[in-house]
Amino acid sequence: MKIDGNTTIVGVIGYPIAHSLSPRMHNAAIQALGINWCYLPFQVAPENLEKAIEGMQGLGIRGLNVTVPHKQAVMRFLDWVSPEASAIGAVNTILNEGERLSGYNTDVEGILAALRFGADLENLPEKVVVVGAGGAARGIVYALTTVTDVRHITILNRTIPKAERLAAEMEKMAKEKTEIEGKGLDGETVRDELGEAGSGVCETTQGAGLVINATPVGMYPKVDCSPIEDPSVFHPRLVLYDTIYSPEETKLMRLARSQGVKSFNGLDMLAYQGARSLEIWTGTKAPVEVMREAVMS
Ligand code: ATR
């Protein structure tokens, strides 16, 4: 990579940022495109967020990815926020066009492409269980309700009122197309919602076909934790999508695989959301295969 007076800068802001895979992924894509760009990590403490966004305009940084803990807070410093990002309440991509800063949320396309192409789920099942009711879960439930034909979503969360609130809010947005319920993450509820192996429950709309972990439980360094601990709740017709990508096989994935459940990690979602961000900044198609390889190597 040759940096000179014409190099366009893009990057990512977060706190902490040292372990981000985004610089490796985006710089591989930039190299493949043969453009004079460079993607940098910026560690930005919460109290410096406003200054960082002003700096983006002052320095002419073309685009930024936004990660934890700034995805919500950054919205008030932008001139325009996409309908998707404002419905989810989080921005993960900023485009700087000089006079105007625009906010997008490419996690929506990231999860949908990861399910479609990464997990090979061209047709999503009628019922999906989402574990977690935080920011990541919000984006996923929004994506499932607005873009897909999923008919029933159950949000399972340790704190039940949060699951119920998210379900009610998203159901309003789904305009009766999707039924969304919020429940607890206790063993019995998980078993009921997933449908038991051999019970025949999963043959009906009561049994889930897909379970998505949208909590950080099991993420490095706490790799011995799992949001679902009892492997007997899994039946082999389920597919598991874990949004965690470090470690590449989480304890949850290990438990599910022990029961014959096809399981995928969050690397595809990372690559597809990154590809969409790069497309917003460059206006050209991103080399998503290069990006996938970069995060998987
Ligand atoms: P994110 O934006 O990454 O989704 P978040 O908004 O802090 O992060 O949400 C974290 C989610 O993980 C929440 O659903 C949280 O459950 P609570 O609402 O009960 O806090 C869930 N979570 C975090 N730690 C957990 C744990 N040890 N067991 C179960 N769920 C956990």
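Values reported hereafter were calculated over all heavy atoms of this structure, with side chains retained and with hydrogens, waters and symmetry mates removed. Both ligands and their constituent atoms are indexed starting at 1 by order of listing. Throughout, numbering of the chain's residues begins at 1 and tracks the sequence.
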Student: CD of E229: more than 12 outside heavy atoms within 6.0 angstrom?
Tutor: yes

Student: Any salt bridge between D120 and K262, counting N to O under 4.0 Å?
Tutor: no

Student: CD of E47: more than 12 outside heavy atoms within 6.0 angstrom?
Tutor: yes

Student: Kindly write out the residues that satisfy ring-ring contact (aromatic ring centres under 6.0 Å, His included) with Y241, not counting sequence neighbours, or none if the list is empty.
Tutor: none

Student: Got a sec, which pairs hit side-chain hydrogen bond (donor to acceptor under 3.5 Å, both in side chains) with one end in residues 212-228, sequence neighbours left out?
Tutor: N213-T215, N213-D242

Student: Please list every donor-acceptor pair under 3.5 Å in which a side-chain atom of residues 11-18 meets a protein atom from a residue at least two apart or in another chain.
Tutor:
none

Student: Give a table of atom pairs where an N or O of ligand 1 lies under 3.5 Å from a protein N or O.
Tutor:
residue  : atom   : partner : partner atom : Å
ligand 1 : 2 (O)  : G135    : N            : 3.3
ligand 1 : 4 (O)  : G135    : N            : 3.1
ligand 1 : 4 (O)  : A136    : N            : 3.0
ligand 1 : 6 (O)  : G135    : N            : 3.2
ligand 1 : 14 (O) : A133    : N            : 2.8
ligand 1 : 14 (O) : N157    : OD1          : 2.7
ligand 1 : 16 (O) : N157    : OD1          : 3.2
ligand 1 : 18 (O) : N157    : ND2          : 2.8
ligand 1 : 18 (O) : K162    : NZ           : 2.8
ligand 1 : 19 (O) : R158    : NE           : 3.0
ligand 1 : 19 (O) : T159    : N            : 3.1
ligand 1 : 19 (O) : T159    : OG1          : 2.4
ligand 1 : 20 (O) : R158    : NH2          : 2.9
ligand 1 : 27 (N) : R158    : NH1          : 3.3

